[in-house]
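Keep in mind that what you see is a predicted model, and the values were worked out from it rather than measured.
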Amino acid sequence: MGHELQYILESKRLVWLVAVVFAVVIMFQYFEFPYGDVSSSMFSVRRAQPPLSQTNQTETSSEIPKSSGNITIFDVSNHTKPVDTLDEGNNIGIEINIQSNDSTTSPPPSLSASLTPPTTVNSTVISPSIALDNNTSKPEVNAPDLDPNFKKPATSENNPAISVGESPVKELPPVKAIHERPIGDIVTIADMHDILLHNRASVRSMKPQWSLMVDQELLATKLQIENAPVNNNDRALYPPLYRNVSRFKRSYELMEKTLKVYIYKEGEKPIFHQPQAVLSGIYASEGWFMKHMKESKHFVTNNPKQAHLFYIPFSSRMLEEKLYVTGSGSRDNMVQYLKDYIHLIAGRYDSWNRTGGSDHFLVACHDWATDETRKSMDSCIRALCNSDVGKEHFELGKDVSLPETYVRSTQNPLRELGGKRPSQRSILAFFAGQMHGDVRPILLQHWENKDPDMKIFQKLPKSKGNKNYINYMKSSKYCICAKGYEVNSPRVVEAIFHECVPVIISDNFVPPFFEILNWESFAVFVEEKDIPNLKNILLSISNRRYLVMQQRVKKVQQHFLWHVKPVKYDIFHMILHSIWYNRVFRVNPVS
Ligand SMILES: *[C@@H]1O[C@H](CO)[C@@H](O)[C@H](O)[C@H]1NC(C)=O
Ligand SMILES: *[C@@H]1O[C@H](CO)[C@@H](O)[C@H](O)[C@H]1NC(C)=O
Ligand SMILES: *[C@@H]1O[C@H](CO)[C@@H](O)[C@H](O)[C@H]1NC(C)=O
Ligand SMILES: *[C@@H]1O[C@H](CO)[C@@H](O)[C@H](O)[C@H]1NC(C)=O
Ligand SMILES: *[C@@H]1O[C@H](CO)[C@@H](O)[C@H](O)[C@H]1NC(C)=O
Ligand SMILES: *[C@@H]1O[C@H](CO)[C@@H](O)[C@H](O)[C@H]1NC(C)=O
Ligand SMILES: *[C@@H]1O[C@H](CO)[C@@H](O)[C@H](O)[C@H]1NC(C)=O
Ligand SMILES: *[C@@H]1O[C@H](CO)[C@@H](O)[C@H](O)[C@H]1NC(C)=O
Ligand SMILES: *[C@@H]1O[C@H](CO)[C@@H](O)[C@H](O)[C@H]1NC(C)=O
């Protein structure tokens, strides 16, 4: 962890340098090609202001995952060449932002550019320009930025101790800080990356009240992951898909070798212990996880003293089904039910009190679960479909984004897997769904029946086995995953299932396995405010880049598939792994 922290500090310095160069280069480009497509980013350099005010402005930018003074600017459009560098493994994908079509009068809402390791600009070149404005960090109202607490003293009244450049060693509640931002600010993928690193470096779970072997095992595991050998010889793991494939591989191996899970026997059916009630439909991931977990001979232990993790085996879907009083609008009884359960096990086993619940976990896909588990299980690792880092109290580095999977056939969850070859995908973009929430109506308003390339519909008419919908997914290049009432949607996994590149329009959504996967290498993230530009954004992605992403979607697919019997690297193991990984990195042994 120490070196991650150091890395943050170092790269922060770099990032400032880089940001300034960027601003200049982008401004340059911007005037050179007023209608040009200003680019993709792994690394969004954002600005709320017109480029002219550049000398006065501060850019907020994310940490570069791989810090180097080496910068290349490239463009996903036809204008520029270095797109080749895209596939070299180290790039952190793309996040597209496009300017409005008349750039001379209305500056882009957000510009972004890309960094890749190959050098063209030397960081030392720019240091003079940094010296010009020492005091640039004024909070910009509209700039979607990082966790303000560790970037700058934006909320200094609340956090007088924190200031620019100070090392983020304090325990800060970044999610809370985000709640305090001005309305309208969003947490981008790059921001999430920073928050994750920050939390990893600074937040530990409670020290155990007394020591057990498992604490030492977790600590040893953490060191082994941090020192993972860099060679990757596992052909099942394609490096560009991962934040760090060596670490993932090592962590996964150690999980297989070490991890033991204790499952509480308490709790009544069907809310507890009845996975078969929830094996199909959109909440299926909690049912399938419970089924596989309970059946696992490999991971389950009956001795709580040997357990690294404790599973609270309830179904949020059944909780709603059994306890929600229709029309009451109240979840209080469900919250109470879970609280009583925790009270019960905390009284009966000493494992809860030993760690304050921080080695306990739950896996829940119902939208309400995020809120329902917030009080009594706040210390637990919560695997949740509703992984909203803005509105809900979802804590990066502790909680896990659970994939929402729509399982159509319990006997054969792989039915209809796959889709057409890229060359046969004739539709640019597809969406169909009910008008839940406030984003979809905007999507429809701009794109329903507006453009033959954009197949954007309300709910499709019923067809046998939903063939119609599935055929669209199989025949489209991009599948639009627009949020519903909540950030999550089964479309993300459906798109991957049918080998369609997901286009996620859901601000603040933490995508599944965010700890592990480099999402921007195979998916497109579009901010809700950019819906009017959706088609331009998609067209600005070169065909070559599209093919790269589509290929990666196929390679990442294995991590999103349920099997009747679990297999290595499948979704069951990935969920368990993310829980494990977060536990390992928050371990806080009695010293
Ligand atoms: C810089 O900011 C100051 C005050 O914020 C403003 O008066 C000045 O016009 C700005 N300069 C430029 C070049 O925008
Ligand atoms: C840029 O990268 C090249 C090779 O990738 C490396 O040799 C060089 O030292 C780097 N330059 C800087 C300034 O980091
Ligand atoms: C973009 O172009 C279209 C048609 O050319 C025009 O109607 C629209 O107002 C433009 N949008 C902006 C933001 O300039
Ligand atoms: C680039 O950086 C290296 C070391 O960081 C430095 O020695 C060299 O002079 C720099 N090049 C330029 C053109 O500034
Ligand atoms: C900028 O900050 C550095 C270190 O904090 C200081 O040495 C330098 O004098 C400052 N420059 C200006 C122009 O304020
Ligand atoms: C620089 O920042 C410090 C602390 O925020 C402030 O006291 C000082 O007035 C600023 N200097 C300038 C030139 O804005
Ligand atoms: C991945 O992690 C390992 C172990 O911490 C580290 O040695 C390696 O440099 C990392 N690789 C990349 C590409 O960041
Ligand atoms: C755990 O702590 C609670 C509250 O302090 C207490 O009521 C309970 O008895 C403790 N559990 C055990 C097993 O000691
Ligand atoms: C890119 O080039 C291809 C053919 O070279 C052309 O069909 C396509 O429209 C171009 N795309 C953009 C965004 O300019």
Is it true that Glu404 and Arg491 make a salt bridge, defined as a side-chain N closer than 4.0 Å to a carboxylate O? no
Can you label the angle between the Phe289 ring and the Phe572 ring as parallel, tilted or perpendicular, going by 30° and 60°? tilted
Going by ring pair (Phe, Tyr, Trp, His ring centres under 6.0 Å), name the residues that satisfy it together with Phe431, two or more places apart in sequence or in a different chain. none
Partners of Val400 by side chain to side chain contact (heavy atoms under 4.5 Å, CB included), sequence neighbours excluded? Ile381, Ala383, Glu515, Ser578, Ile579, Asn582
Does the structure place the NZ or CZ of Lys265 under 6.0 Å from the centre of the six-membered ring of Tyr262, at an angle of no more than 45° from the ring's axis? yes
Residues pairing under side-chain hydrogen bond (donor to acceptor under 3.5 Å, both in side chains) where one sits in residues 502-514, two or more places apart or in two chains, turn out to be none
Hits for side chain to side chain contact (heavy atoms under 4.5 Å, CB included) against Lys305, two or more places apart or cross-chain, chain-then-number order -> Asn303
Trp352 ring center near Tyr349 ring center (under 6.0 Å): no
Only one of Leu237, Leu254, Ile225 forms a side chain to side chain contact (heavy atoms under 4.5 Å, CB included) with Lys249, so which one is it? Leu237
So, Trp562 and Thr405: side-chain donor and acceptor under 3.5 Å apart, yes or no? yes
Flag side-chain contact, heavy atom, 4.5 Å: Glu528 against Val439: yes
In chain order, what residues pass the side chain to side chain contact (heavy atoms under 4.5 Å, CB included) check against Asn333, with sequence neighbours excluded? Leu323, Val325
Are Ile480 and Leu443 packed together at the side-chain level, in the sense that at least one heavy-atom pair is separated by less than 4.5 angstrom? yes
Can you list everything that forms a disulfide (SG to SG under 2.5 Å) with Cys385? Sequence neighbours excluded, please. Cys365
Would you call Arg348 and Glu266 a salt bridge, using N to O less than 4.0 angstrom? yes
